[in-house]
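Let me begin by presenting the structure, written as structure tokens, before commenting on it.
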Amino acid sequence: MPDTQGTCDCPACSGADGLGMVVGELTTNGELLLTIDDPMEAEVLGATLVSASDLIGEDAEEAFTQGLVPALESTGAVEALATLLAIGSVSPGRLGAAANDAADRLAEAGITRPVWADELQAPVTADGFQRLDDDQETASILVCSFHRAGRGHAVIINVDRNDCGAAADVLFLDADKLPEAVETLHAAASSEGVRIRAENLSPEEFRWQAENALAARAVHDAGDVALNLAEFLDDEDDSPAYPALAMLLRARLATLPEPGRPPAPHPTDDEDDIGPDLTRLLIPGGFELAPSDVAPSAALPAKRKKAAGPAPVYQIKVVLRGTKPPIWRRLEVPADIRLDRLHTVIQAAFGWYDTHLHVFETQYGSFSSPDADPGYRAEAAVTLEQVVPTANDKIFYTYDFGDSWEHDILLEKVLSPDPTVRYPRCTGGRRAAPPEDCGGIWGYAELLQVLKDPDHPEHDEKLEWLGVDNAVEFAPERFDTVAVNQALSAIP
């Protein structure tokens with residue numbers, strides 16, 4: 001009954017009954033947290049809970065911090081401790097601190113922590129920061145991999161460049177599946193006549209771009225009708241909703257170095273022009289698909305005529321981009337070598353297996369095999385001399401669109417052919433090439449770190465993958481000119 005002040009303290013009006021129901025539901029969900037061993041599953045549940053509360057209203061954080069967290073703690077249940085850890089793992093600010101402090105007090109009181117709790121506290125590292133751009137200027141994809149306590153997972157952020165650079169989707173998957181996913185993306189784009197180019201990013205730049213994409217999406221979603229908590233948790237396809245994945249991603253991004261510049265601005269509702277200029281503001285430099293020192297497509301020079309006599313010899317330096325110390329090969333090839341044959345030469349010189357797609361990018365266009373992309377020109381019909389006509393000219397060669405092994409090819413000298421020499425030949429180089437399918441430049445760097453540490457949880461697994469008994473057998477500093485020339489001489 002209402003009191004003389006016109007208020008009511010019954011459970012329904014005071015909210016106590018509702019709070020008890022929510023605590024009971026969270027405790028039930030907490031039972032699932034006791035059956036897992038991967039802390040990321042706990043983070044996903046925590047992100048689902050907290051992001052669902054964010055959709056209810058502006059006071060959600062206060063309600064969680066002042067009401068739900070103490071109520072969970074008061075149960076003294078192991079399920080409650082697990083739920084508090086899950087919430088604290090992804091929540092910034094007061095809510096995250098309150099949830100973690102409550103979990104610590106339960107643990108000090110003797111409540112058993114879940115098996116994944118210690119792993120949740122392990123440091124997070126990240127690598128493989130890339131942006132993939134399509135030549136239709138409609139979408140970009142940001143990818144990277146995060147690692148913690150021997151587990152790795154990758155994130156893929158689909159950025160809609162026609163929607164203020166907002167995040168359209170966020171996907172998490174096992175880190176070892178990322179190269180395959182990226183290559184599948186290239187193949188799907190190729191089937192639609194769309195070309196994609198990868199660009200490596202610094203951790204700071206990746207965080208800046210990813211946070212801008214999430215912020216733009218948040219602005220667009222702000223006007224949506226709030227979702228009911230029960231409906232949010234009971235997603236029909238049994239997969240985390242975007243708000244939960246975005247919250248988890250923000251927690252991961254917080255482990256990266258802070259960007260050295262402020263967030264990009266977002267247009268207000270009364271601004272009329274939300275077009276390509278904003279997209280280029282969100283990602284500086286726009287979306288240049290070719291390297292900046294490749295000129296726009298020009299008319300391809302004619303092939304050498306037989307009347308011109310034998311072709312000279314090109315001394316080229318092929319450098320694997322992004323490697324420190326640099327990995328490179330110096331090769332001598334006939335100037336009129338076809339690009340498809342040059343591809344085979346590079347494969348042999350670096351020890352690649354030719355099991356993935358490739359492309360040559362030049363100022364005269366992009367050239368590859370018929371299987372790569374309908375938009376590419378046929379490499380078998382073009383010679384190196386046509387696309388690299390003078391000394392100091394440069395072209396670019398990318399192998400494996402998943403790992404994205406990018407090579408700079410520089411014409412150093414034009415030589416007269418030596419009748420006693422069999423071309424192509426290698427005259428120098430540095431360091432062994434990375435093993436194929438190791439995850440690109442960042443994956444290779446991680447592999448080297450794992451091999452250096454015998455106590456690393458993935459050490460033995462990597463040795464087995466490489467087919468060696470110990471790390472000494474894998475010598476990244478090794479380069480053997482004789483072995484390279486033997487591989488070159490085996491080319492038909």
Side-chain angles (χ1 to χ4, degrees), residues 23 26-54 61 64-65 68-70 72-73 75-127 144-155 170-176 203 207 210 233 239-241 243-257 446 449-450 453 455-458:
V23 170
L26 294 184
T27 302
T28 299
N29 280 278
E31 294 176 359
L32 299 175
L33 295 173
L34 305 181
T35 65
I36 64 175
D37 61 4
D38 187 347
M40 188 172 178
E41 295 183 42
E43 292 173 294
V44 169
L45 179 57
T48 299
L49 297 173
V50 179
S51 60
S53 73
D54 287 345
E61 182 180 30
F64 253 75
T65 304
L68 194 57
V69 168
L72 279 169
E73 183 181 1
T75 67
V78 63
E79 296 86 356
L81 187 151
T83 302
L84 289 167
L85 286 175
I87 292 173
S89 67
V90 294
S91 302
R94 294 174 57 236
L95 175 54
N100 287 324
D101 289 346
D104 289 341
R105 287 191 292 269
L106 287 176
E108 291 171 359
I111 306 301
T112 303
R113 288 159 56 90
V115 295
W116 42 263
D118 291 338
E119 189 174 328
L120 190 67
Q121 302 302 316
V124 175
T125 60
D127 55 34
C144 79
S145 295
F146 291 96
H147 308 273
R148 178 179 60 197
R151 301 182 196 266
H153 56 274
V155 61
V170 173
L171 173 67
F172 284 87
L173 67 161
D174 291 341
D176 58 1
R207 177 174 176 177
L233 292 175
S239 61
L245 296 176
M247 174 164 279
L248 177 56
L249 175 57
R250 287 191 181 93
R252 286 292 185 271
L253 293 175
T255 67
L256 301 179
E446 180 190 7
Q449 291 300 316
V450 171
D453 182 7
D455 296 326
H456 194 284
E458 297 182 15

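From a predicted model like this one, the values you see are computed outputs, not experimental measurements.
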Give, for atom CD of Q121 and atom OG of S89, the distance between the pair rounded to the nearest 0.5 Å.
-> 9.0 Å

Who are the salt bridge (charged side-chain N to carboxylate O under 4.0 Å, His left out) partners of R148, not counting sequence neighbours?
-> E43

Nearest-0.5 Å distance that lies between atom CG in D174 and atom OG in S145 = 10.5 Å

Say you draw a straight line from CZ of R252 to SG of C144; how long is it, rounded to the nearest 0.5 Å?
-> 10.0 Å

Non-hydrogen atoms of L95 and T65 that approach each other most closely | CA-OG1, 3.6 Å

Taking the side chain as every heavy atom from C-beta outward, state whether R250 and V90 have any atom pair closer than 4.5 Å.
-> no

Closest heavy-atom pair and its distance - V155, F146 = CG1-CE1, 3.8 Å

Test side chain to side chain contact (heavy atoms under 4.5 Å, CB included) applied to F172 and L249, step by step | CA-CA 9 Å; F172 284 87; L249 175 57; 4.2 Å; yes

Could you pull out all residues at least two apart from E119 that satisfy salt bridge (charged side-chain N to carboxylate O under 4.0 Å, His left out)?
-> R151

Quick one: list whatever passes side chain to side chain donor-acceptor pair (under 3.5 Å) with D127, sequence neighbours left out.
-> H147

dist T255:OG1 -> R207:CZ (nearest 0.5 Å) comes out at 8.0 Å

Kindly write out the residues that satisfy salt bridge (charged side-chain N to carboxylate O under 4.0 Å, His left out) with E446, not counting sequence neighbours, or none if the list is empty.
-> none

Of all the heavy-atom pairs spanning P114 and A82, show the shortest one and how long it is.
-> CG-CB, 4.2 Å

Over all heavy atoms of both residues, which pair between L248 and A47 is shortest? Give the atoms and the distance, please.
-> N-CB, 4.2 Å

Looking only at heavy atoms, the pair that brings V69 and A98 closest together is CG1-O, 3.7 Å

Here the gap from L120 atom CG to N100 atom CG, rounded to the nearest 0.5 Å, amounts to 8.0 Å

Considering non-hydrogen atoms only, spot the tightest contact between A102 and E73 and give its length.
-> CB-OE1, 3.5 Å

Which residues satisfy the salt bridge (charged side-chain N to carboxylate O under 4.0 Å, His left out) test with D176, sequence neighbours excluded?
-> none

With A42, which residues qualify under side chain to side chain contact (heavy atoms under 4.5 Å, CB included), at least two apart?
-> L33, I36, A86, W116

May I ask you to decide if L72's main-chain N or O and T75's side chain share a donor-acceptor pair within less than 3.5 Å?
-> yes

From L106, D104, L34, residue fulfilling side chain to side chain contact (heavy atoms under 4.5 Å, CB included) relative to L81 | L106

For the atom pair OG1 (T35) and CD (E31), what is the distance rounded to the nearest 0.5 Å?
-> 9.5 Å

